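For clarity, every value in this text was computed on a predicted model and none was experimentally measured. Heavy atoms only: backbone and side chains are in, while hydrogens, waters and symmetry mates are out.
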Amino acid sequence: MAFVLSLLMALVLVSYGPGGSLGCYLSRRLMLDARENLRLLDRMNRLSPHSCLQDRKDFGLPQEMVEGDQLQKDQAFSVLYEMLQQTFNLFRTERSSAAWNTTLLEQLHTGLQQQLEDLDTCRGLVMGEKDSELGKMDPIMTVKKYFQGIHDYLQEKEYSDCAWEIVRVEMMRALTSSTTLQKRLTKMGGDLNSP
């Protein structure tokens, strides 16, 4: 697991290399928060992955959307924001408080909130007039459907320890994919108001 975490952190660092930045929302602090959030999720591990094999599930992470090239800058930004917001909401539920070490969980809440605040700083610059159409965008609906499947799974499994462990691993995967999206945004670079 340590190797996987090292690989994830390396991916985050590469995603935020000195090659470019979209200014305010792809800041160094956002990179540090993303890396710390992955580290916290790794530390939250309470069960051996082998003990929960019977509970594994493919949640259908929209990886091709997050890692592909088909999104425009405003859509990519919206997907990244929605992924972080939904992850924050997932770990903010009353049921999650019972499943995890409260200190680590609070640190994760703080890290995710900080990332969202950093992104929120430039949300208006990226979204502009399109913000009112945010809920209608198909990529956003795909992300919401993905997280709804996770909520349904937890409910179906009665929020068992193994179900939360499966979700924790899935969220590490999702946040790692979101760093790929952040890398794409960095490559798009330039003027935040450009299409």
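Using a 4.5 Å heavy-atom cutoff, the side chains of D118 and Q115 are not in contact. In this structure, L175 and L84 have side chains that are in contact, with non-hydrogen atoms separated by less than 4.5 Å. Within the 4.5 Å cutoff, the side chain of C162 has heavy atoms near those of the Q54 side chain. With a 4.5 Å cut-off on side-chain heavy atoms, L38 and R35 do not count as touching. Taking 4.5 Å as the limit, some side-chain heavy atom of M83 sits within range of a side-chain heavy atom of F147. Looking at L90 and S96, their side chains never come closer than 4.5 Å, going by heavy atoms from C-beta outward. By the 4.5 Å heavy-atom criterion applied to side chains, T110 and Q107 are not counted as neighbours.
Within a 6.0 Å radius of CD in E158, other residues, nucleotides and ligands contribute 12 heavy atoms or fewer. For R56, the CZ atom sits in a loose shell: 12 or fewer heavy atoms of surrounding residues, nucleotides or ligands are nearer than 6.0 Å.
One finds the CE atom of M44 at 12.5 Å from the CZ atom of R39 (value rounded to the nearest 0.5 Å). Note that the CG atom of L112 and the CD atom of E117 stand 11.5 Å from one another [nearest 0.5 Å]. Between atom CZ of residue R43 and atom CG of residue L40 there is a gap of 6.5 Å, rounded to the nearest 0.5 Å. Atom CG of L53 is separated from atom CD1 of I166 by 7.5 Å, given to the nearest 0.5 angstrom. Considering CD1 of I150 and NZ of K145, their distance stands at 13.0 Å, rounded to 0.5 Å. Between the OG atom in S177 and the CG atom in L61 there is a gap of 4.5 Å [rounded to 0.5 Å].
Ring planes of F91 and W164: tilted class, angle from 30 to 60°.
Under 3.5 Å, the side chains of H151 and Q148 contain no donor-acceptor pair of N or O atoms. In the model, Y146 has a side-chain atom that pairs as donor or acceptor with a side-chain atom of E170 under 3.5 Å.
If you run side-chain contact (heavy atoms from CB on, under 4.5 Å) between M171 and each of T176, T87, L108, only T87 comes through.
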Carefully, step by step, assess N45 and R168 under the rule side-chain contact (heavy atoms from CB on, under 4.5 Å).
CA-CA 8 Å; N45 181 15; R168 182 194 68 82; 3.4 Å; yes

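The heavy-atom pair separating Q113 from F88 by the smallest distance is OE1-CZ, 3.6 Å. Here the closest heavy-atom approach between residue S97 and residue L105 is recorded as CA-CD2, 3.6 Å. Contact between I140 and V79 at its shortest, heavy atoms only, is CD1-N, 3.8 Å.
Comment: K57 does not engage E156 in a salt bridge, judged by the lack of any side-chain N to carboxylate O separation of less than 4.0 angstrom.
Although no hydrogens or angles enter the test, the distance criterion places a donor-acceptor pair under 3.5 Å between the side chain of R46 and the main chain of A99.
Note on L47: it does not cluster hydrophobically with Y159, by side-chain heavy-atom contacts below 4.5 Å among ILVMFWY residues.
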